[in-house]
Each structure stands twice: as C-alpha cells, then as structure tokens.
Amino acid sequence: MDIPAKYNPSLCEDKWYSYWLENKIFHSEPDEREPYSIVIPPPNVTGVLHMGHMMNNTIQDVLVRRARMLGKNACWVPGTDHASIATEAKVVARLKEKGIEKTSLTREQFLEEAWKWKEEHGGIILEQLKKLGASCDWDRTKFTMDPALSRAVINTFVYFYKKGLIYRGIRMVNWDPVGMTAVSDEEVIHKETKSKLYYLRYFISDGGKVGKDYIIIATTRPETIMADAAVCINPNDERYHYLRGKKIFIPLINKEIPIIEDDYVTMDFGTGCLKVTPAHDINDYEIGLRHHLPVLDIIDEHGRLNEKAQILVGEDRFVAREKIVKMLEEAGNLEKIEDYLSPVGHSERTDAVIEPRLSLQWFLKMEVLAQKALKSVEDGKVNLIPDRFTNTYRHWMETVRDWCISRQLWWGQQIPAYYLPNGEFVVEATLDEAFEAAKKIDPNVKKEDLKQDEDVLDTWFSSWLWPISVFDADKPGFPERKANRDLAYYFPTKDLITAPDILFFWVARMIMAADEFMGQEPFTNVYLTGIVRDKLGRKMSKTLGNSPDPLVLIAKYGADAVRIGMLLCSSAGNDVFYDESQVEQGRNFCNKIWNAFRLTRGWEVDENAKPSESAACAVKWFSAKLSKAINQMEDHFSKFRISDATMTIYKLFWDEFCAWYLEAVKPAFGEKIDKVTYTKTIEFFDSLLKLLHPFMPFITEELWQNMEEREKGATIMLQKLPKATEYSEEDITMFEEAAGCVANIRNMRQSKGISPKEKLDLFVKKPFVNSMKPIIEKLANVSKIEEVDAFDTSLQGVNFMVSTTEFFIPVKVDTAAEIAKVTAEIERYTKFLASVKAKLSNEKFVSHAPAQVVELEKKKESDATEKIKSLNELLQRLK
RNA sequence: GGGAGCAUAGCUCAGUUGGUUUAGAGCAUCUGCCUUACAAGCAGAGGGUCAUAGGUUCGACUCCUAUUGCUCCCACCA
C-alpha cells in the first residue's frame with residue numbers, strides 16, 4: 001500500500017481547486033433547473049480575510065455546494081465593496097508615507113492613486129477565499145465601483161431625487177474629523193467614555209459690565225464656551241428666576257450672551273444651568289432654533305479651533321480642552337472638576353470622536369421605505385434566523401431617521417447634482433442630460449459652467465443594490481432591467497449569510513431597494529452568524545492581535561479542517577468562541593476519513609466468497625443508519641442548524657461507520673473480503689463522501705477521484721446527494737442492543753484484565769431475539785452465544801444486562817467486589833422503582849397524564865422490578 | 001435611560017408544542033492499550049442539586065414572576 005498514513009491537505013487542495021476552475025464547475029448560466037443563488041456580503045476591497053469571513057463564507061459554501069448536489073443551478077456571486085471611507089483613509093495614509101498630502105492632488109490624480117491601490121490590493125481577499133475552497137462563480141466577480149454598478153447607483157440617486165425622496169439641506173451631522181467627512185447615524189458607535197464634568201463660573205452682567213455674582217454651569221466641553229449663544233435654565237426652576245431677562249458673560253472672552261428658558265433643561269442634573277452651543281451639539285442646535293440664537297462655528301473640519309474662537313486658534317479640540325481648563329482656573333472661573341462617565345460617539349471607520357457639525361448634506365427620506373421593509377419581515381417574506389432579530393429590526397425601522405448619504409470624500413460615486421452659476425442645481429445621470437435640464441432653467445447656460453457636486457455617496461448607497469446590480473452589470477439601464485436574463489433567473493436570491501452588525505446598514509436597506517426596484521424581497525432567508533470571539537470572549541480584532549491568520553491556519557491544518565472547526569462551533573446568532581482545538585478536531589477528522597479509505601483500499605476481494613454473517617448484519621444495519629442520518633441532516637438544514645448537520649455526519653462517519661461498521665465487516669488478518677460486502681462498503685463510502693462534500697470539499701474530492709477510474713472532468717461536486725430510503729428502525733435498535741452487549745463485554749475484559757484476543761463464552765437467558773447476534777460474536781470475540789433457561793450456578797462468572805436481557809460470562813471473578821457491585825445496582829434500581837411507584841400511585845397523575853405516559857411509567861415499573869429480581873438472584877448465587 | 005438575549009459537565013454547546021431523558025454531545029480529564037486503516041488512534045471510566053428564590057401543574061431543564069451575573073442593540077441629560 002502506497003498511501004501515507006496521514007492526510008496531507010497541501011497535496012490536494014490547490015490541485016483540486018484548479019481542477020474545479022479549469023472545468024468551470026463553479027460557473028453558472030441560467031437554464032431550466034431551479035436556481036439557487038447567493039450573493040456574497042462583499043468584503044472591503046482592501047481588507048484581508050479574518051475569522052469572521054472564514055465562518056461566514058464557509059457556511060455559504062456549504063449551502064451552495066449542497067444546493068448544487070441537490071441538482072439545483074447554484075450560483076454564488078462574489079465581489080468586493082469599495083468601502084469609501086476605509087479605502088480612502090488607506091490611500092491617504094500611503095500617500096502620506098510618500099510625503100504627498102491629499103490636498104496637493106487634484107481629484108483625478110487622487111482617484112488614479114486609489115485605483116492603483118485597488119488593483120494592487122483589491123484581489124487579495126478573494127484569492128484568500130479560494131484557499132478556503134469557496135465555490136464562487138468567479139466569472140461573475142463584481143466590484144461596487146464597476147462601471148455598470150456605479151451607473152446603477154447614479155441612476156438610483158436620480159430616481160429617488162425625482163421621486164422627491166432625496167433632498168439637500170443644512171443639518172447637524174455626525175462629522176468625522178479624521179475621515180474628514182459626514183457619516184450616517186448608523187456609523188456612529190457610542191462608547192462609554194471616562195471624561196470630566198467641569199463646573200465653570202459665568203459672571204452675571206451688571207449693566208454691560210462683568211458683575212460680582214456668578215452662576216455655575218457644568219459642561220464636558222469647556223473648549224466650546226466661545227461658541228456659547230446663551231445660557232439656558234428651566235422655566236420652572238425657581239432657583240434661577242432672578243436671572244430672568246439678565247445677561248451673562250462667557251469667561252475668558254467676556255462676550256455677553258442672554259439667559260433663556262427652555263423645558264429641555266433638567267433641573268437636577270449638573271447645576272440646572274446649561275450653556276447653549278448651537279454649532280457643536282445637536283440638542284443645543286435645536287434649542288437654538290427654538291430661540292433664534294446665532295450659530296457660531298468655532299471648530300473646523302479637522303477638529304481644530306478656528307479664528308472665530310478668538311483664543312487657542314488652531315489647537316486641536318482635545319488639546320484646547322486641557323489648555324482652556326488651565327486658563328479658566330487661572331482666571332478664577334473654574335469651580336471644580338468631577339469625573340464623569342458618558343457615552344461619546346465614535347466613527348465606525350476611523351474611531352475618531354464624532355464632532356456634531358452643521359453642514360450641507362444630501363439626505364434620503366426613510367420613513368416610507370422603512371415601513372415597507374419592516375412589513376417584508378413581519379409578513380414572513382424575509383425570515384431572519386434566529387428570529388429574535390426581528391425585534392431589533394422592528395425597533396430600528398420604527399425609529400429610523402433620514403439617511404445622510406453624502407460623504408466629503410473622493411473615492412466613490414460622485415453625486416450627480418450639477419450646479420448652475422446662479423446656485424441652482426439639476427440632478428441628472430450624465431453631464432449631457434444635466435446640460436439639457438439646466439438650459440430649461442437658464443437658456444444661456446454653457447456646459448462648462450455646470451459644476452458637479454464634490455461629494456460622493458455613502459458606500460451603503462451602492463451596496464444596498466448588490467443583489468440586483470450584480471446580475472445587471474452588462475445592461476446599461478437601471479432600473480430598466482426587465483429584459484435582463486440573469487436577473488430574471490437568479491433574482492430573488494435564496495439565502496443571505498451575514499453578521500448581525502450590518503443588519504441595518506445593509507440587510508434592511510437591501511430589502512428597501514429590492515422592494516422599490518424589483519417589487520419583491522431580495523432573499524428569503526437571512527442567516528445571521530455570530531461574531532467570532534477568542535477564548536476570553538473578546539471580539540477578534542487586529543488591534544488586540546487575537547485573531548489568527550486564517551491562511552496560516554489553513555496551511556497548518558488544511559482548509560477542510562478549518563471549515564469543520566468553524567462549523568462545529570457555529571450556531572446561528574450566537575457568538576462563536578474560537579479555539580484552535582476545534583480546528584485540530586477537524587484535522588483529526590480528515591485523518592480519520594483518510595485512514596478509513598486506506599483500509600478499504602487495502603482489501604483484496606474474493607469474487608466467490610459469501611458474506612460473513614456479521615458483515616451481512618452490519619450492511620443491513622448501516623444502510624438503515626445512513627438513511628436515518630440523511631433524514632436528520634435534511635431536517636437540520638431546513639432549520640439552518642448547520643452545526644447540528646455537521647455533527648450528524650461527523651458522528652455517522654466516525655462513530656458508526658468507522659467504529660462499528662468497518663470493524664464488523666473487516667476480514668480477518670490475511671483474508672480477503674467477499675465481493676458483496678466489498679461492493680456495499682464502497683457504496684456506503686461513496687454516499688458518505690457525497691454527504692461530507694459540502695463541508696469538506698477537498699478531501700472528499702481527492703478520495704472520490706481515487707475510488708475508481710473517473711471520466712475526465714468528473715467531480716464529486718456535481719454528484720447527486722444520496723437520498724434516504726425506507727428503513728427498518730428495528731434493525732437499528734437490534735444493532736444497538738448487540739452493541740450494548742459488546743460494550744459490556746469489552747468493559748468486563750478491561751476490568752478483569754482479560755485480553756481482547758482471548759475468546760469467551762457467552763450465555764444469555766431465553767428468549768433472546770436479536771437479529772444482530774453475529775455482531776456480538778465478532779466484535780466481542782465470543783466463541784458462541786448459548787441460550788439457556790437459567791445460568792449454571794456452579795460456574796463463576798460475570799453477569800450483566802442490556803435492556804432487560806441477562807447475560808453471563810464464565811470467568812474468574814473477585815466475588816466480594818462483584819457482590820458490592822451488584823448490591824449497588826440493586827440499591828440504584830430500588831430507588832428508581834420507588835420513584836416510579838410513587839408516581840403511579842398518585843391518582844392525579846394516573847387520571848391526568850396521557851395514557852401513553854402512564855403506560856411508559858408502568859413499563860418502567862415492570863422493567864425495574866424484573867431487574868431487581870434477577871439482580872437479587874444473582875446476589876444469592878454469588879453468596 | 002429603553003429594549004433584547006444568555007446562564008445546563010472543566011470548556012463549547014444540544015435539549016425542537018411540559019411526560020420514551022434516571023439530563024445528552026463534542027472537546028478536555030483519567031485508566032488501559034504501539035490490536036496488522038488511523039497514537040491526529042483504539043477500548044473504557046469519571047464528571048451536572050440544569051444561575052438563585054418563589055409560582056403554575058399530576059409532572060418543570062422546558063411555562064410564569066422576582067433576584068443575581070454576563071452579553072448585545074438602541075438612546076441628545078450638558
């Protein structure tokens with residue numbers, strides 16, 4: 001035998017992946033079969049594979065491969081997301097390393113750099129997915145900034161603008177001073193942050209001069225006092241009624257501002273006095289609107305104080321905070337400082353502290369879109385798995401605010417709004433169309449006078465079209481897509497596998513877009529995977545350095561092992577605690593499969609021999625077991641219980657097929673195996689490999705190809721998954737009884753130090769009806785099974801019971817130990833019997849419980865009574 | 001502050017309309033085996049008052065209430 005004893009994944013993974021690619025097995029074209037389509041959640045184009053991707057894509061691959069083997073036309077569309085903020089930040093950083101500032105480049109020059117970066121790094125993550133075995137249709141690989149996809153985005157913008165859902169306005173937005181752009185509410189992460197509450201003295205104006213009296217105002221942001229427009233008190237706060245109509249001075253700059261009254265102020269928080277800074281706080285902005293306060297913006301786009309601040313100009317807001325506190329202290333305006341824990345908004349992408357900032361942005365009205373998207377889920381047209389996410393989904397959809405879709409970046413789809421010299425604008429997909437439209441406003445306008453909006457669109461404004469746009473790429477029209485063959489065939493997709501943290505960012509918005517443009521849901525099931533955490537429960541992250549490199553893992557253990565490791569610990573919606581031992585388990589499993597193959601491969605077949613009795617039994621039993629497992633797996637898959645399905649096939653292969661079946665059919669040393677059993681075994685093995693294939697594509701292909709001579713281009717990938725047949729449950733229970741008997745005998749051998757090689761006699765009390773007796777003989781190494789009415793009391797030996805059948809093996813025993821064991825057994829059963837009897841003597845139980853439950857208890861009673869009786873007899877004999 | 005979820009063996013989790021469960025699995029642990037497919041293996045064993053306290057019920061891991069601990073989401077008290 002020339003097969004090595006250990007499976008070496010590196011010898012077959014690349015080989016078979018190339019084979020699949022060469023034979024275009026992942027590629028799908030519409031045909032008469034039922035489609036099964038999945039779109040990949042597009043990873044960031046500049047990203048690298050992390051454990052979350054591994055988990056996510058393994059599950060997708062399992063589903064796709066399974067669908068393919070069920071005879072469906074499976075299509076898994078891969079691609080990447082341009083991720084505007086993240087990518088732009090990386091490009092800016094790279095330029096900086098070269099000593100180039102973004103501001104020194106033109107938009108075109110910058111974009112050239114960005115595309116270069118994309119070409120260099122964009123494919124990395126997809127190449128990594130190939131190592132995992134992902135059976136994506138690579139010919140359909142898309143990028144959210146591909147010309148056709150970008151066109152779709154622009155057309156969508158124009159469409160919503162003309163529908164009146166997109167508007168432009170000055171609003172307080174979440175400003176990311178590092179990314180130098182506005183971000184949407186969803187991109188702001190609130191973190192509990194340790195900060196300080198500063199109590200400042202504001203002196204009351206005495207006829208335009210700084211008076212002697214002061215009030216104390218608590219603030220977390222002393223650096224913004226220069227932008228204060230008023231001090232606000234609650235109208236019901238009698239403590240401050242004396243301030244009505246008075247004015248007050250801002251410390252340091254001595255600017256006089258009014259005292260105003262508003263219900264917004266909480267009397268018992270801080271001092272009950274609130275400094276109102278309309279330009280730098282969303283609430284203050286709203287108070288300002290109510291009281292017509294001036295808005296003074298003293299922080300620039302970098303988060304630094306500008307000249308309007310008068311002091312500390314050019315200082316970063318946090319530096320300014322430190323400095324101004326000192327200045328206030330020196331000036332006698334600082335009362336005290338308290339530690340304070342408060343939620344502070346951070347940018348999802350850059351982690352910068354968000355600065356509320358007034359700016360001119362584009363918004364999409366969400367109310368109606370959200371209502372419809374909520375209905376899709378509530379009506380069950382989209383199933384969230386697990387369904388408890390429906391609650392959070394509903395909450396979000398009911399409280400959603402308008403979506404800020406403009407970003408002050410260059411990397412992305414530029415907003416198709418064109419400004420006329422007079423400040424008016426038109427929204428059209430192209431400059432030519434815009435020119436036509438502009439002429440209607442101003443007949444004298446020249447094309448070159450039109451200036452396109454500088455901003456780009458939020459990345460999610462392109463990814464929400466993903467399940468539509470990936471099929472539409474060869475058609476210029478959007479939303480004119482009726483005639484698109486691929487879209488008509490593959491849309492809607494079936495399942496979406498993604499992480500719960502982008503349920504709102506992405507999933508909800510895809511539902512909105514699909515409803516708007518396709519009039520139906522973009523997918524039926526949304527399977528939300530857990531977040532992969534380390535053993536300590538921390539989220540895997542680059543900064544913590546606790547995320548293993550998936551490629552290193554694959555190199556070390558093999559892709560199949562990594563996949564099994566991920567699958568075994570993945571239950572929907574629950575966080576996943578990753579530990580390398582799971583991958584190790586996967587590797588061991590590969591090895592087990594490999595060695596089972598080596599065994600069958602090494603058998604020599606005797607064409608004329610008849611199957612042994614034990615082999616015949618094993619075949620009968622295993623075919624029943626196989627069918628049962630197939631049914632169980634189908635059930636698990638229908639409920640997205642992927643880890644259970646994995647465990648079902650894992651145990652079927654290892655515990656049933658290897659540990660019992662192969663042992664039962666294995667010919668004695670030096671002997672050949674009969675043809676019938678051999679053929680059956682290979683058939684079973686073939687079925688098992690097919691069932692395993694979606695989980696472990698590489699090793700199964702390798703072994704399947706080696707089982708027999710295959711045609712050119714043949715692959716296990718396209719074989720039909722075995723179907724369950726009618727089977728007898730009795731064959732299974734009979735076998736289990738026999739196996740129980742074998743286990744008892746093995747146990748006895750071990751405790752008595754009897755070698756497995758030593759043949760034993762086995763006596764059993766009549767009647768012993770079991771069709772699997774030969775299994776006992778072979779696997780327990782029993783020379784004969786003799787049925788008797790009563791055991792020979794003159795023989796010393798060991799008794800044991802399986803279910804209610806009594807067995808006896810004559811061997812030398814330690815009588816005292818045996819007595820102790822039996823006594824303990826009797827005690828245990830007596831206790832159990834007592835509890836059953838108590839139940840049965842309870843009239844209420846007998847009258848209320850269903851008949852079959854009562855019957856069951858009665859059976860337990862009689863069984864236990866029986867057992868105690870024979871145990872007592874045994875005890876007598878021992879004595 | 002509001003909402004959701006979780007708590008079962010050392011670890012990770014099943015337990016699917018409350019009764020075939022005297023609570024299961026995998027891993028880990030321990031014991032014995034280099035048995036001619038596999039020591040990445042084989043054969044066995046031990047290990048849980050199902051977070052706590054009540055309640056409903058003939059019967060509760062399962063349903064209800066409260067408490068404790070953890071996690072996540074949402075939220076403009078300076």
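By convention in this document, chain letters (A, B, ...) are assigned in the order of the sequence lines, proteins followed by strands, and residues within each chain are numbered from 1. Everything numeric here is computed off the predicted structure, so don't read it as measured data.
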Chemist: What residue pairs, at least two apart or across chains, pass side-chain hydrogen bond (donor to acceptor under 3.5 Å, both in side chains) with a residue in residues 830-845 of chain A?
Modeler: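 Counting only pairs at least two positions apart or across chains, no side-chain hydrogen bond (donor to acceptor under 3.5 Å, both in side chains) contact touches residues 830-845 of chain A.
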Chemist: Checking Gln582(A) now: which residues fulfil side-chain hydrogen bond (donor to acceptor under 3.5 Å, both in side chains) with it, not counting sequence neighbours?
Modeler: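 Partners of Gln582(A) under the side-chain hydrogen bond (donor to acceptor under 3.5 Å, both in side chains) test: none.
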Chemist: Grab the stems for RNA chain B, please: at least three consecutive Watson-Crick or wobble pairs, both distances below 3.5 Å, written as range with range.
Modeler: B:1-7 with B:68-74, B:10-13 with B:24-27, B:29-33 with B:41-45, B:51-55 with B:63-67
Chemist: Quick one: which protein N/O atoms are closer than 3.5 Å to N/O atoms of nucleotides 70-75 of chain B? Pair and distance per line, please.
Modeler:
none

Chemist: Going by salt bridge (Lys or Arg N to Asp or Glu O under 4.0 Å), name the residues that satisfy it together with Lys821(A), two or more places apart in sequence or in a different chain.
Modeler: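 Expected list: Glu818(A).
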Chemist: Taking the basic N atoms (NZ, or NE/NH1/NH2) and the acidic carboxylate oxygens, is any pair closer than 4.0 Å for Lys858(A) and Glu861(A)?
Modeler: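 Not counted as a salt bridge, because no side-chain N and carboxylate O are separated by less than 4.0 Å.
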Chemist: Which residues in residues 266-276 of chain A have at least one heavy atom lying under 4.0 Å from any atom of RNA chain B?
Modeler: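 Listed by number, they are Thr266(A), Phe269(A), Gly272(A), Leu274(A).
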Chemist: Suppose we screen for side-chain hydrogen bond (donor to acceptor under 3.5 Å, both in side chains). Which residues come up paired with Asn744(A), at least two apart in sequence or across chains?
Modeler: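 Once residues adjacent in sequence are excluded, Asn744(A) has no partner under the side-chain hydrogen bond (donor to acceptor under 3.5 Å, both in side chains) criterion.
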Chemist: Who are the ring pair (Phe, Tyr, Trp, His ring centres under 6.0 Å) partners of Phe657(A), not counting sequence neighbours?
Modeler: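 Phe657(A): ring pair (Phe, Tyr, Trp, His ring centres under 6.0 Å) contacts with Phe622(A), Phe653(A), Tyr661(A), Phe685(A).
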Chemist: Scan nucleotides 55-65 of chain B against the protein and return all N/O pairs shorter than 3.5 Å with their distances rounded to 0.1 Å.
Modeler:
| residue | atom | partner | partner atom | Å |
| --- | --- | --- | --- | --- |
| C58(B) | O2' | Asn842(A) | ND2 | 3.0 |

Chemist: Among the nucleotides C76(B), A40(B), G41(B), which one has an atom lying closest to any side-chain atom of Arg587(A)?
Modeler: A40(B)
Chemist: Which pairs pass side-chain hydrogen bond (donor to acceptor under 3.5 Å, both in side chains) with one or both residues in residues 745-756 of chain A, sequence neighbours excluded?
Modeler: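 The answer is none; no pair qualifies.
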Chemist: With the criterion being N/O to N/O and under 3.5 Å, what pairs connect the protein with nucleotides 22-26 of chain B, and how long is each?
Modeler:
| residue | atom | partner | partner atom | Å |
| --- | --- | --- | --- | --- |
| U22(B) | OP2 | Lys860(A) | NZ | 2.7 |
| A25(B) | O2' | Lys651(A) | NZ | 3.3 |
| G26(B) | O2' | Gln585(A) | OE1 | 3.3 |
| G26(B) | O2' | Gln585(A) | NE2 | 2.5 |

Chemist: Could you work out, with side chain to side chain contact (heavy atoms under 4.5 Å, CB included) as the rule, every residue matching Asp387(A), not counting sequence neighbours?
Modeler: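 If we apply the side chain to side chain contact (heavy atoms under 4.5 Å, CB included) test to Asp387(A), skipping adjacent residues, the hits are Thr390(A).
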